[in-house]
Amino acid sequence: MQYVETPNIVGMTSAQAKEALAKDGLTGMFVGTSGTVTRQWPQAGIQVAKGSKLYGLLQNSAGTTIVMPNLTGLSLRDATNLLAALGLNIHPSGSGYVSSQSVAAGTTVHIGSGVDVTLRP
């Protein structure tokens with residue numbers, strides 16, 4: 001298995017970030033409607049397997065709130081990584097894929113908040 005170092009995509013548009021990630025054999029998953037990447041997970045300089053996903057938050061300005069994404073259908077790993085990029089804490093129950101979440105998609109939440117998710121096979 002080949003490993004690559006995660007690039008710093010903070011400050012890039014989603015198009016620029018996708019291009020930078022593709023050069024290293026990585027893919028990106030972004031949340032937000034517009035603006036530049038204000039947070040990423042994992043952070044820059046981390047060794048990850050080639051083909052891994054990097055998660056980014058797009059915002060017009062760095063604030064203290066974000067809009068909750070729809071986690072339904074994501075694996076526990078993807079949901080955990082996405083929420084980490086957003087600065088949110090996950091509280092999982094079950095295994096498999098997300099079937100429900102305690103904070104509805106589209107709801108504005110404060111960074112640092114917790115989200116309960118129920119997973120089913």
Side-chain angles (χ1 to χ4, degrees):
M1 180 173 291
Q2 288 185 315
Y3 290 87
V4 294
E5 188 172 299
T6 55
N8 183 0
I9 60 169
V10 172
M12 295 182 181
T13 65
S14 62
Q16 292 168 328
K18 286 177 185 177
E19 187 176 314
L21 293 171
K23 288 179 186 174
D24 291 326
L26 302 171
T27 57
M29 185 172 184
F30 301 95
V31 174
T33 54
S34 64
T36 58
V37 177
T38 57
R39 294 178 64 124
Q40 75 178 66
W41 195 91
Q43 58 193 337
I46 303 294
Q47 293 289 317
V48 298
K50 200 169 193 171
S52 295
K53 285 183 188 172
L54 198 106
Y55 302 83
L57 170 63
L58 298 171
Q59 284 186 319
N60 287 320
S61 61
T64 59
T65 60
I66 56 105
V67 175
M68 175 60 65
N70 182 357
L71 304 173
T72 304
L74 293 181
S75 68
L76 177 57
R77 176 179 290 178
D78 281 346
T80 300
N81 292 340
L82 180 55
L83 291 179
L86 298 175
L88 300 173
N89 300 304
I90 189 169
H91 305 288
S93 174
S95 62
Y97 297 89
V98 177
S99 61
S100 65
Q101 61 194 71
S102 64
V103 179
T107 303
T108 300
V109 295
H110 287 278
I111 292 172
S113 298
V115 181
D116 297 326
V117 297
T118 302
L119 299 115
R120 303 218 188 283

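L82 and V103 fall within the same hydrophobic cluster, defined by Ile, Leu, Val, Met, Phe, Trp and Tyr side-chain heavy atoms under 4.5 Å apart, directly or through other members. Both W41 and M68 sit in one connected hydrophobic cluster of ILVMFWY residues. Membership requires side-chain heavy atoms under 4.5 Å apart, directly or through other members. L71 and L58 fall into different hydrophobic clusters, where Ile, Leu, Val, Met, Phe, Trp and Tyr residues are linked whenever their side-chain heavy atoms come under 4.5 Å apart, directly or through other members. Taking hydrophobic clusters as Ile, Leu, Val, Met, Phe, Trp and Tyr residues chained together by side-chain heavy-atom distances below 4.5 Å, L74 shares a cluster with Y55. I111 and V67 end up in different hydrophobic clusters when Ile, Leu, Val, Met, Phe, Trp and Tyr side chains are linked at under 4.5 Å.
Counting only heavy atoms from C-beta outward, the side chains of N81 and M29 never approach each other to under 4.5 Å.
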Ignoring hydrogens and angles, write down the donor-acceptor pairs under 3.5 Å from the side chains of residues 83-100, residues two or more places apart or on other chains.
from: N89; atom 1: ND2; to: G112; atom 2: O; distance (Å): 3.1
from: S99; atom 1: OG; to: T118; atom 2: O; distance (Å): 3.2
from: S100; atom 1: OG; to: T118; atom 2: OG1; distance (Å): 3.4

Which atom pairs, donor and acceptor, lie under 3.5 Å between side-chain atoms of residues 19-27 and protein residues at least two apart or in another chain?
none

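Counting only residues at least two apart or on different chains, no salt bridge (Lys or Arg N to Asp or Glu O under 4.0 Å) pair has a member in residues 98-113. The salt bridge (Lys or Arg N to Asp or Glu O under 4.0 Å) analysis of residues 30-57, with sequence neighbours excluded, yields the pairs K53-D78.
A 6.0 Å sphere centred on CD of Q47 holds more than 12 heavy atoms belonging to other residues, nucleotides or ligands.
T65 pairs by the side chain to side chain donor-acceptor pair (under 3.5 Å) definition with nothing, not counting sequence neighbours. Among residues two or more places apart in sequence or in another chain, the side chain to side chain donor-acceptor pair (under 3.5 Å) test is passed with Q16 by T13.
Rounding to the nearest 0.5 Å places CE of M1 at 8.0 Å from OG of S52. Q43 contributes atom CD, which lies 10.0 Å from atom CG of N8 (distance to the nearest 0.5 angstrom).
A donor-acceptor pair under 3.5 Å is absent between the side-chain atoms of E5 and the main chain of I46, judged by distance alone.
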